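Note sheet for the following structure.
Only a predicted model underlies this, so the values are computations on that prediction, with no experimental measurement involved. Residue numbers begin at 1 in each chain, while the letters A, B, ... track the order of the sequences. Side-chain atoms are counted along with the backbone in the values below, which use heavy atoms only and exclude waters and symmetry mates.
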Amino acid sequence: MNMKKIRRSLFSRTTLRAIVSITVFLILWEAGSRSKEWAGFTMPWIGLVPPPTSVLSVWWDLLGDTGYWQSWYLSLMRVLSGFVAAMVIGIPLGLLMAVSRTFNSITFPSFEILRPIPPLAWVPVAIIFWPTEELSIAFVTFLGAFFTVVINVLGGARSIDMRFYQSAQAMGSSQWDIFRRIVLPATVPSIVVGSSVGMGITWNVVVAAEMISGGGGGGGSGGGLGFFIWNSYVGGSYEQIVIGMISIGIAGYACSELLRGIGGFFTPWLRTR
Amino acid sequence: MSAVLEKVRTQGNEARYGAIRIDDVVKIYDPEGAAVMAVDHCTLDIKAGEICMIVGPSGCGKTSLLNAIAGFHDITSGAIYMDGEMLCGPGKPKADPGADRIVVFQNGALFPWKTNLENVAFGPMMQGKLSKKEIIEKARSMMADAGLSGTEHNYPGEVSSGLRRRVEIVRALMNDPKVLLFDEPYRALDSLTRSVMHESLLDIYYKNKVTIFFITHDLEEAIFLGHKLVIMTTRPCRPKKVLEVDIPHPRDYSVLTSPRFRELLEETASVVHEEARKSFASGEKEG
Amino acid sequence: MEQVERLLKRTLPFQVVSPETLDGIAEISRHEVFKAGEVIYGAGQPAEEVYVLVSGRVAHRIDPDIKARVHEKELQVGDVFGWAAILEGEKVRLADVACIEAAEVLKIDGARLLELLRKDVNFGEAALKSFSQLISQQYYLPPSVSERVPTTLSKVGDTRTPASNEAEPQTASAWTLTMYRAGEWLRSPDPYLMMVGFALMLGFWYLTVEVLKLPRFEDLPGLTTVVKEWFAEDPVYGMSIYTAEYYQHIWVSIRRVAIAFLLATALGVPLGLFLGWSRSFREYVFPVFELLRPIPILAWVPLAIIMFSGSETPVIFLTFLASFFATALNTMLGVESIDESYTRAACCLGANRWQVFKEVIVPGSMPYVFTGLQISVGVAWFSLVAGEMVSGQYGLGYVINTSYTMVRYPTIIIGMVTLGIVGYTTSAMVRVAGNYMMQWRLREMALGGR
């Protein structure tokens with residue numbers, strides 16, 4: 001039964017169309033990139049991008065290169081540290097803001113003033129303040145996810161149905177019980193949403209921060225995937241730029257999927273029958 | 001001019017249009033995979049201008065039948081006729097949705113982004129049969145007839161849920177339909193509002209004789225409103241008991257306390273209860 | 001007596017009051033029983049007592065002359081009704097209340113209840129507030145009624161004229177609501193706590209950087225330095241509100257965001273609509289969309305520089321790309337969010353496929369579209385800054401980056417704050433435009449009390 005289902009979804013019309021769609025996209029890309037060879041002129045924009053076949057062959061050679069994998073490792077560690085810091089600080093802060101009205105009134109307006117400043121605008125200040133470049137990248141990464149996580153936690157806790165509180169109070173629960181058994185679980189879904197949005201921003205920030213700051217110091221293989229892209233651009237290896245982009249895409253996608261899996265584990269009541 | 005003529009036609013005591021014949025209809029969802037049978041060899045005759053109440057537990061497959069008449073879903077076999085004309089059947093599994101059969105939905109489907117008046121005027125506007133001025137005039141007078149004056153320029157979100165249902169029925173009647181299809185429209189209303197809605201529905205029905213195909217799981221509602229009562233078996237759905245309600249129309253709320261009403265209720269309650277128990281035991285999800 | 005107190009504790013207004021007040025209320029409440037069908041009170045009668053339903057079923061029907069979103073309602077055990085007895089102004093019943101089944105109630109004298117609540121310094125105000133909440137949220141009455149709940153501060157026998165039953169004309173209601181909320185906000189502790197928050201934030205900055213000169217902090221530009229620089233007619237580092245350069249950078253950034261945002265909206269909204277509307281179109285196009293989306297926008301920077309010559313187009317392209325994904329995706333979700341019954345209803349009413357698209361799909365997805373546009377403005381600024389920092393000339397991101405390399409630190413902060421202000425303003429503009437275009441939603445939400 002289950003096998004049948006899997007086979008049916010594998011060969012369904014949707015999958016077939018997806019394959020067609022992506023194949024057509026790749027062929028158009030290839031043809032556009034090689035337009036100079038077969039049509040005699042360079043197509044605007046796409047003609048300047050390396051074709052997928054040469055990207056693949058360069059990638060094949062890179063697979064054995066430790067520097068390339070080092071970049072993966074560095075970027076992943078940065079994303080992870082910034083993200084974890086944002087969760088560890090952001091979730092309690094958001095909950096505190098949701099539970100205490102006074103605390104919320106004091107902090108929320110200041111928070112709202114800082115929020116519209118794009119995280120990358122913090123890069124120079126971070127570099128000035130933190131002793132090492134690594135720490136300043138981590139700080140900016142943290143900022144990227146932090147605001148989203150706090151806003152989502154706060155929103156989640158605020159949207160809890162009043163009746164839950166009332167019935168809990170009627171049943172004689174203490175404040176702590178209400179927090180632990182109602183506020184916390186009810187907020188988990190928005191924490192999951194907030195963290196997956198935050199993860200997306202984190203990757204964006206890490207890549208940009210590596211491009212902006214890694215370009216100055218570090219150098220060589222010490223810069224992560226963002227720097228890998230930037231370095232390839234400076235070095236004129238356009239295939240590697242595309243490889244870097246795809247690598248970041250894969251890494252980011254894998255992180256989001258992992259997060260979704262973890263989120264699903266913590267919210268069993270949201271699974272559908 | 002034409003609006004007046006239409007009114008005369010529809011106000012005539014006997015409706016001449018809108019007889020529905022459901023002939024041995026079968027509906028199976030996902031025939032290649034799970035193959036869930038929703039409707040099982042269902043045959044039913046509804047006379048023109050009759051209120052036919054379909055009663056059955058939630059999720060028994062009543063809505064599949066309604067969707068087939070309205071033309072939202074295809075049927076697997078059998079046929080449905082309206083006034084002798086085939087809506088769907090062999091060679092044509094899915095009926096064409098049209099303004100002669102209008103559905104009033106479970107949760108209401110007034111467009112929240114249009115005012116009540118724009119909602120009521122929607123059908124004729126889309127069909128483009130009348131001029132804009134005529135449509136607005138007709139919409140206003142029909143809303144006034146239904147006691148909806150003063151809410152024309154409110155959005156549906158601004159008026160009570162009972163009022164919204166009334167606007168939705170008027171929106172349907174604007175198109176001079178032959179059949180109105182109700183899909184548990186009063187399910188979400190509280191019992192007080194619902195009782196008011198029943199009377200206002202009958203009031204509207206007496207003014208515009210149309211055939212009404214009304215799905216519900218509320219037996220009292222069914223006996224109070226209907227000429228004919230069809231109790232369905234739970235999934236797959238098939239008529240289990242068909243009953244003519246012999247309480248004369250026009251009816252009002254005194255009917256609810258009449259001995260005949262109580263008798264009919266007693267006669268049918270056990271049948272419905274039995275089906276509800278079956279449905280509960282099979283663990284069907286509501287909806 | 002204890003039983004009465006336990007019951008009161010379960011009602012919305014009385015669950016917050018202090019134990020002494022609760023004792024007092026329990027003392028003045030009288031028990032009364034009504035038979036099925038009996039009328040408890042009728043609209044227009046003088047209102048002296050507040051009621052709490054102890055058992056049974058009671059129907060509550062608000063006078064049709066009063067504008068309420070819902071007029072009829074069945075009360076639950078624990079519901080409080082008859083609150084007209086504590087309203088300011090004319091104390092008259094606004095509803096007919098009758099028993100569906102035999103019912104027991106508690107009757108509490110309104111004037112004495114008010115007295116008790118006013119004595120409760122800590123919680124009386126909260127109880128009264130929940131009365132006004134009750135009136136607007138459970139009985140769906142407009143602010144003209146709920147506002148008549150007195151505060152603990154007002155004197156007994158206030159001579160305010162009663163609000164007329166003919167509530168304000170519809171057009172004025174949004175404005176009245178805003179004013180009411182603004183007044184409410186000023187009366188709450190919120191604005192003062194907000195000031196405390198700002199003072200704490202700025203004080204921390206000032207103290208750590210300029211007074212205490214803590215290690216690491218002392219390298220940062222200080223509060224007074226930044227403010228002085230920002231408002232200096234003759235700035236030390238060359239940029240303040242008096243220099244033309246400042247406005248030129250702002251203008252360049254805004255122009256880039258505007259072009260990118262408008263282009264993204266013009267392309268993204270139609271694409272999203274078609275993606276949501278046509279299943280086969282989605283199945284052919286969406287996979288490519290999903291393939292490109294996980295790549296962070298900023299990873300496109302070098303490729304954008306290669307593809308587009310000059311320094312202006314790559315930055316705009318990046319900004320556009322970010323906005324475009326957000327807009328298209330949200331629009332698609334918006335179309336998917338439309339309840340199937342709306343499209344079915346339109347089909348029933350004789351609309352053809354194109355009419356369904358125009359009359360149902362487009363307006364129905366608007367709420368999501370505008371959410372998407374707000375996100376889109378946000379990410380536009382986000383990627384603009386990155387683009388300007390990496391490549392590009394002029395613009396606020398460029399200011400921030402060059403000020404760093406040229407060691408003009410106060411200018412960095414000026415750039416950041418300006419970015420925040422401009423970014424906030426643009427997203428507020430999108431929100432206002434959304435509210436303007438979706439009157440129906442605004443009114444619905446205003447009535448919902450959110």
Using non-hydrogen atoms and a 4.5 Å limit, figure out which bit of [X] sits close to chain A: side chain, backbone, both or neither.
X: Ile305(C); answer: side chain
X: Met194(C); answer: both
X: Tyr409(C); answer: side chain
X: Ile413(C); answer: side chain
X: Ile421(C); answer: neither
X: Ser280(C); answer: both
X: Ile297(C); answer: both

Just how far is it from atom [atom1] of [X] to atom [atom2] of [Y], taken to the nearest 0.5 Å?
X: Glu290(C); Y: Tyr253(A); atom1: CD; atom2: OH; result: 7.5 Å
X: Ile241(A); Y: Trp300(C); atom1: CD1; atom2: CH2; result: 12.0 Å
X: Tyr233(A); Y: Leu303(C); atom1: OH; atom2: CG; result: 11.0 Å
X: Leu291(C); Y: Ile22(A); atom1: CG; atom2: CD1; result: 5.0 Å

Counting only heavy atoms closer than 4.5 Å, note whether [X] contacts chain C via side chain, backbone, both or neither.
X: Trp122(A); answer: both
X: Ile113(A); answer: side chain
X: Ile250(A); answer: neither
X: Thr102(A); answer: both
X: Val20(A); answer: side chain
X: Ile128(A); answer: both
X: Ser110(A); answer: both
X: Val24(A); answer: neither

Is the [atom1] atom of [X] crowded by more than 12 outside heavy atoms at less than 6.0 Å?
X: Phe289(C); atom1: CZ; result: yes
X: Tyr424(C); atom1: OH; result: no
X: Phe103(A); atom1: CZ; result: yes
X: Arg260(A); atom1: CZ; result: no

Original post:
Looking only at atom types and distance, does a side-chain atom of Ser21(A) sit under 3.5 Å from a main-chain N or O of Tyr284(C), one as donor and one as acceptor?
Top reply: yes
Contact winner vs chain A - [options], heavy-atom pairs under 4.5 Å:
options: Pro302(C), Gly415(C), Ser403(C); answer: Pro302(C)
options: Met389(C), Glu218(C), Glu283(C), Arg282(C); answer: Glu283(C)
options: Leu220(C), Leu419(C), Leu200(C), Leu396(C); answer: Leu220(C)

Original post:
For chain A, which residues from residues 377-385 of chain C have at least one heavy atom closer than 4.5 Å to it?
Top reply: Trp381(C), Phe382(C), Val385(C)
For residues [X] and [Y], determine if any side-chain heavy atom of one lies less than 4.5 Å from a side-chain heavy atom of the other.
X: Phe25(A); Y: Leu292(C); value: yes
X: Arg17(A); Y: Arg279(C); value: no
X: Arg101(A); Y: Leu193(C); value: no
X: Asp219(C); Y: Phe129(A); value: no
X: Met201(C); Y: Thr107(A); value: no
X: Val49(A); Y: Ile306(C); value: no
X: Ile248(A); Y: Ile295(C); value: no

Quick one: closest heavy-atom pair of [X] and [Y], and the distance?
X: Ala299(C); Y: Met245(A); answer: O-CG, 3.3 Å
X: Gly249(A); Y: Pro296(C); answer: N-CD, 4.5 Å
X: Met416(C); Y: Ile117(A); answer: O-CG1, 3.7 Å

I'd like to know which of [options] tops the heavy-atom pair count under 4.5 Å against chain C.
options: Ser232(A), Ser247(A), Pro124(A); result: Pro124(A)
options: Ala121(A), Ser105(A), Pro116(A); result: Ser105(A)
options: Leu48(A), Leu225(A), Leu26(A), Ile106(A); result: Ile106(A)
options: Val125(A), Ile46(A), Thr14(A), Leu114(A); result: Thr14(A)

